[in-house]
Engineer: 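Have a look at this one.
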Protein chains: 2
Amino acid sequence: MTRPRAARGEGDQLREQLIEATTALLAETGDERAVTIRAIVDAVGVTPPSLYLHFPTKQDLVREVVDRRFAALGQAIGQAVAEPAERGDAAEALRAGCLAYLRWAHDDPGGYQVLFGARRETRSVGPDGSSNTAAFTSLKEGIGFCQATGVGRDGDVTRMATLVWASLHGLATLVPTRPEFGWPPLETMVDELIAGLVGIGR
Amino acid sequence: MTRPRAARGEGDQLREQLIEATTALLAETGDERAVTIRAIVDAVGVTPPSLYLHFPTKQDLVREVVDRRFAALGQAIGQAVAEPAERGDAAEALRAGCLAYLRWAHDDPGGYQVLFGARRETRSVGPDGSSNTAAFTSLKEGIGFCQATGVGRDGDVTRMATLVWASLHGLATLVPTRPEFGWPPLETMVDELIAGLVGIGR
DNA sequence: ACCTGAACACCGTTCAAGT
DNA sequence: ACCTGAACACCGTTCAAGT
């Protein structure tokens, strides 16, 4: 994009440009194979070795991009949950959080499973402290909130959250990859999931 | 493996050897990046161009391997379902089928999500007629069988099957990739899933 | 008819060198 | 201090040639 590019004293804004270019490339193509080092540096207007001044390996660049997108997911869920949670509607908070998760996967231009695949390759270093487990934590809170306010059936919160999480994850990977399958509306699926697994609304 | 290898009039058994070598390589490494053309042909004791006598592209080889593994999954489910179905135990048949699906993903040396990832790259040609949708069909039958014999709650069979399928798929991809997560036993999760989503056994 | 040697255009990564 | 040119060992794939 910014083809003619020359730098001098400016610090590490190249690092930020590389992250942006990688994010954009993933969003435009939706294909991890298209995210090649030469494509990334071409977009910024720089040569391959420059990338290694800022990232020890391609995986670390991708990891950073993926981490940021998962952080955005966490924010989206938090935002959706906030309003109903504040007025004490536990059922609606849970519903809204689950829906935000699915909508994010559905609308994500980079592709939820592309990110997930990248995260898989990337997982060797350290425990999985990604915002995806943050989503799991907020899911447990949501279910606990429901039980505390008397909506939903009693039961092991972690157990329930595990099944809801797995179901949401399954839908998040399947829905975007198989648009030709006759999926019910996301709202309907979320309602039936939390009705069956958490016992909310019948 | 079979390093010294010379052929003459024998037809297309090289094709079969290439498929076997690819399957073995996937099973041993569990890493799709390790499945390289040179590694495959080395295992058979042949040079890269020979592969293209039998497969137009690497994707077609992988597709064949993946198709066979999904067919094996279909067989495993059919086998698990057969006995309870014959004695008319619809609930147990459904339970056994779901469990077989999860066990297969859990025990699969090639890695369920590696296969699933490969299938994703491979999906461009034709409709998705894989045995994975065959598994979905048999899931619908299982739920329909339950309703016909009076176990489980009434409701749209396809809708129910969709949610169970998504849940199983989510578990199938998550459980093997996160062994450190404290998963409940597969039996427990299947029981709670079909209890909540199909209304069987409470 | 079946297989190989050598090459193609790519890839991620490194190293010496330029300013 | 920041960036480049040129090369490394790989990759999937092709093409002419050998028996």
Side-chain angles (χ1 to χ4, degrees), chain A residues 1-22 25-26 29 31-66 114 117-122 124-125, chain B residues 1-23 25-26 29 31-66 114 117-118 120-122 124-125:
Chain A
M1 295 248 163
T2 18
R3 223 59 233 291
R5 231 240 116 206
R8 210 69 248 284
E10 50 260 37
D12 48 7
Q13 56 200 71
L14 174 55
R15 185 189 152 88
E16 208 60 32
Q17 292 183 54
L18 289 169
I19 290 174
E20 281 166 23
T22 305
L25 217 52
L26 210 55
T29 66
D31 182 1
E32 50 194 326
R33 286 182 308 243
V35 182
T36 176
I37 282 199
R38 278 157 177 97
I40 295 168
V41 298
D42 273 6
V44 178
V46 101
T47 57
S50 303
L51 190 146
Y52 293 90
L53 263 11
H54 297 279
F55 300 95
T57 183
K58 185 193 176 185
Q59 263 192 32
D60 295 271
L61 207 200
V62 173
R63 171 192 278 275
E64 175 113 15
V65 169
V66 170
V114 171
R119 178 142 277 285
R120 170 157 44 95
E121 286 182 13
T122 276
S124 50
V125 184
Chain B
M1 297 244 161
T2 20
R3 225 56 235 292
R5 231 241 115 204
R8 212 68 248 281
E10 49 260 36
D12 48 8
Q13 56 200 72
L14 175 55
R15 185 189 153 88
E16 207 61 30
Q17 291 182 54
L18 290 169
I19 290 174
E20 282 166 22
T22 306
T23 307
L25 218 53
L26 211 54
T29 66
D31 182 1
E32 51 193 324
R33 285 182 308 244
V35 182
T36 176
I37 282 200
R38 277 156 178 98
I40 295 168
V41 298
D42 272 5
V44 177
V46 101
T47 56
S50 302
L51 190 146
Y52 293 90
L53 263 10
H54 297 280
F55 301 95
T57 183
K58 186 193 177 186
Q59 263 193 30
D60 294 271
L61 208 200
V62 174
R63 171 192 279 272
E64 175 113 16
V65 169
V66 170
V114 171
R120 172 156 43 96
E121 286 183 12
T122 274
S124 50
V125 185

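Numbers restart at 1 for each chain; the letters A, B, ... are given by sequence-line order, proteins then strands.
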Engineer: So what's D:dG18 paired with, Watson-Crick or G-U wobble, going by both distances under 3.5 Å?
Structural biologist: C:dC2

Engineer: Over how many whole Å does the gap from A:Glu32 atom CD to C:dC11 atom P extend?
Structural biologist: 15 Å

Engineer: Considering only C:dC3, C:dA6, D:dT13, which nucleotide approaches the side chain of B:Pro49 most closely?
Structural biologist: C:dA6

Engineer: Answer yes or no: is there a side-chain heavy-atom contact under 4.5 Å between B:Ile40 and B:Leu61?
Structural biologist: yes

Engineer: Taking only the side-chain heavy atoms of A:Arg38 (C-beta and beyond), determine which of D:dA7, D:dT13, C:dT14 contains the nearest atom.
Structural biologist: D:dA7

Engineer: Can you find a heavy atom in the side chain of A:Glu64 that is under 4.5 Å from one in the side chain of A:His54?
Structural biologist: no

Engineer: Could you check which nucleotide pairs with C:dC10 in any of the strands shown, counting Watson-Crick or G-U wobble with both distances under 3.5 Å?
Structural biologist: none

Engineer: Can you tell me the distance, in whole Å, between the OH atom of A:Tyr52 and the C1' atom of D:dA7?
Structural biologist: 14 Å

Engineer: Within the structure provided, determine whether B:Thr47 and B:Val41 are in side-chain contact (heavy-atom separation under 4.5 Å).
Structural biologist: no

Engineer: Can you confirm whether A:Phe55 sits close enough to A:Ile37 that some side-chain heavy atom of one is under 4.5 Å from a side-chain heavy atom of the other?
Structural biologist: no

Engineer: Counting side-chain heavy atoms from CB outward, which of D:dC3, C:dT13, D:dT13 is closest to A:Leu53?
Structural biologist: D:dC3

Engineer: To the nearest Å, give me how far apart NZ (A:Lys58) and C1' (D:dC11) are.
Structural biologist: 13 Å

Engineer: How long is the line joining CG of B:Asp42 and C1' of D:dC10, in whole Å?
Structural biologist: 13 Å

Engineer: Under 4.0 Å between a side-chain N or O of B:Ser50 and OP1 or OP2 of C:dT4?
Structural biologist: yes

Engineer: Output the rounded distance in Å from CZ (B:Arg33) to P (C:dG12).
Structural biologist: 13 Å

Engineer: Does B:Thr47 place a side-chain N or O at less than 4.0 Å from the phosphate oxygens OP1/OP2 of C:dT4?
Structural biologist: yes

Engineer: Does a side-chain N or O of B:Thr36 approach OP1 or OP2 of D:dC11 to a distance below 4.0 Å, or not?
Structural biologist: yes

Engineer: In whole Å, what is the span from the CG atom of A:Leu51 to the C1' atom of D:dT4?
Structural biologist: 14 Å

Engineer: Can you measure B:His54 atom NE2 to C:dT4 atom P for me and round it to whole angstrom units?
Structural biologist: 10 Å

Engineer: Specify the separation, in whole Å, of atom CZ of A:Phe55 and atom P of C:dT14.
Structural biologist: 15 Å

Engineer: Is there side-chain contact between A:Leu53 and A:Leu14, with at least one heavy-atom pair below 4.5 Å?
Structural biologist: no

